[in-house]
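Step one of this worksheet: look at the structure below.
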2 protein chains.
Amino acid sequence: MSVTLTEENYLKAIYHISQMTKTDVSTNAIAEKIDAKASSVTDMLKKLSDKGFITYIKYKGVNLTEKGRLTAVDIIRKHRLWEVFLVDKLNFSWDEVHDVAEQLEHIKSPKLIKELDAFLDFPTHDPHGDPIPDKDGQIKRTDKIILSKAEVGGTYKCVGVQDSSTDFLKYLDKHQIQIGTELTVKDIEDFDHSMTFTIHQHNMTMSKAITNNIYVKKLQ
Amino acid sequence: MSVTLTEENYLKAIYHISQMTKTDVSTNAIAEKIDAKASSVTDMLKKLSDKGFITYIKYKGVNLTEKGRLTAVDIIRKHRLWEVFLVDKLNFSWDEVHDVAEQLEHIKSPKLIKELDAFLDFPTHDPHGDPIPDKDGQIKRTDKIILSKAEVGGTYKCVGVQDSSTDFLKYLDKHQIQIGTELTVKDIEDFDHSMTFTIHQHNMTMSKAITNNIYVKKLQ
DNA sequence: TTTAATTTTTAGACAACTCTAAAAATATGT
DNA sequence: ACATATTTTTAGAGTTGTCTAAAAATTAAA
């Protein structure tokens, strides 16, 4: 009862969507994420249900079973470990890693991941600030908030991004924002909720479209 | 016009067989290597021929075109670089690397291989002593000979193996023979061509079945 | 050289995954 | 609540790569 590459991608997509929405995952949402037609998704959902990875009720949507969740989280663990490898050891920038990690995450070898984890010195977060699940599928909860919810006068540390599209990461690189960057909120515009910060001794303003995609942790 | 994983495996198999036999590669030989039926191979040969990777004459066998050779050699380059990574960085032993490298060799990312090559300090040989093709598909010829052809009194350095099955590599590990090990031929038995060596200040005897699978280079 | 054995190819079918088009179920608006 | 719009599922079909069984070509043997 092995898991095919395609099944793995579906499980990962379902996991990510359910993390977002906290409700039953719809066929259309999966179709959009996977970039396939809804009819193809329906076929696959039957298969995943037969194999015990999801609970599937027609027209109602799906949920991961514990078995499905563990499988999805294991793939995410591999993906994020490979991302650390690419950035720390092979000089990839954080906007270049995603496509390659997407391939590497499907390599099957428990020893490979165990040794890679040790070689990277047991990292807890990937280059985008997302936590790396441990080998038992536990994910460390972070007390991060979305930057758009920050308060005037507060100082925050950048811990991750919501959108990891190349375009967005390039924007951050251009403005020298990365994991660990500290920023202080100077002003919030009532009209469009654009925010002005002090970053690296400079002032800069970001639109809500930007601040909605950056996670920060408040510095006490 | 991309190359599927299956096509890559066929090209690699054809390359390896043609290196061995130096003649047209037969359908049955490929079927055995790939572990598929001859009829499946015939189907794939038509496809590879259509795509310009091989010249295929019905009932006569196949040969790689230059395009096919370059593709095969590129996969072998990736395979061997990954083997070096697994042994040098992730504590794999040389009998554990093959299956994982077989998966890793299909990852598509020119930057990944370029950076991995640099990270490993541009290795020229894999852990079994096989040469790593360079990025233009050139393979360094080694002046290695098969150990069974060595002469009494000569001193040789182990540079590679012919058979890289797990059983054989375990035999070598057990007797502490690896790439770089030096040995001096003390005696060759006329009857069965078994050979006695001095290795690590010890004497040991190997049957022809063993010496036929070890490559050595004569130390002048 | 003519028969027998072997190799290779063809024909037809199946599994995994995909699609389009149409039908069925659910949700929405007035 | 009833018509309309949206979502989801079914039905039928295509692609890639595999198989078995049988036919065709080649090679080996007597």
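Residue numbers begin at 1 in each chain, while the letters A, B, ... track the order of the sequences.
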Legend entry - Distance, rounded to the nearest Å, where A/K46 contributes NZ and C/dA15 contributes C1': 16 Å

Legend entry - B/D50 CG to D/dT16 P, straight-line distance once rounded to whole Å: 11 Å

Inset, instruction - Give me the ring orientation class for B/F119 and A/F119: parallel if the planes are under 30° apart, tilted from 30 to 60°, perpendicular past 60°. - result: perpendicular

Legend entry - A/K111 to B/F92, cation-pi by 6.0 Å centre distance and 45° axis angle: yes

Legend entry - Interatomic distance, B/L5 CG vs C/dA16 C1' [rounded to whole Å]: 15 Å

Inset, instruction - Starting from P on D/dG14, measure out to NZ on A/K37 and report it in whole angstrom. - result: 17 Å

Legend entry - Separation of atom CG in B/L45 from atom P in D/dT18, rounded to whole Å: 11 Å

Could you pull out all donor-acceptor pairs under 3.5 Å where a side-chain atom in residues 23-34 of chain B meets a protein atom, sequence neighbours excluded?
{"from": "B/S26", "atom 1": "OG", "to": "B/A29", "atom 2": "N", "distance (Å)": "3.1"}

Inset, instruction - Identify whether any heavy atom of B/S40 sits under 4.0 Å from a base atom; if not, whether one sits that close to sugar-phosphate; answer base, sugar-phosphate or nothing. - result: base

Inset, instruction - Indicate yes or no: does A/E189 engage A/K208 in a salt bridge with an N to O separation below 4.0 Å. - result: no

Quick one: which protein N/O atoms are closer than 3.5 Å to N/O atoms of nucleotides 6-8 of chain D? Pair and distance per line, please.
{"from": "D/dT8", "atom 1": "OP2", "to": "A/N28", "atom 2": "N", "distance (Å)": "2.9"}
{"from": "D/dT8", "atom 1": "OP2", "to": "A/N28", "atom 2": "OD1", "distance (Å)": "3.4"}
{"from": "D/dT8", "atom 1": "OP2", "to": "A/N28", "atom 2": "ND2", "distance (Å)": "3.4"}

Inset, instruction - Please state how far atom CD1 in B/I34 lies from atom P in D/dC19, giving the value in whole angstrom units. - result: 11 Å

Legend entry - Distance below 4.0 Å between B/Y10 side-chain N/O and D/dT16 OP1 or OP2: no

Legend entry - Touch class at under 4.0 angstrom, heavy-atom based, for B/S39 against every strand present: base

Side chains of residues 130-139 of chain A: which donor-acceptor pairs under 3.5 Å do they make with residues two or more places apart or in other chains?
{"from": "A/D134", "atom 1": "OD1", "to": "A/D136", "atom 2": "N", "distance (Å)": "2.8"}
{"from": "A/D134", "atom 1": "OD1", "to": "A/G137", "atom 2": "N", "distance (Å)": "3.1"}
{"from": "A/D134", "atom 1": "OD1", "to": "A/Q138", "atom 2": "N", "distance (Å)": "3.0"}

Inset, instruction - Check whether any side-chain heavy atom of B/V62 sits under 4.5 Å from a side-chain heavy atom of B/T55, and report yes or no. - result: no

Inset, instruction - Rounded to the nearest angstrom, tell me the gap between atom CG in B/D43 and atom C1' in C/dT10. - result: 9 Å

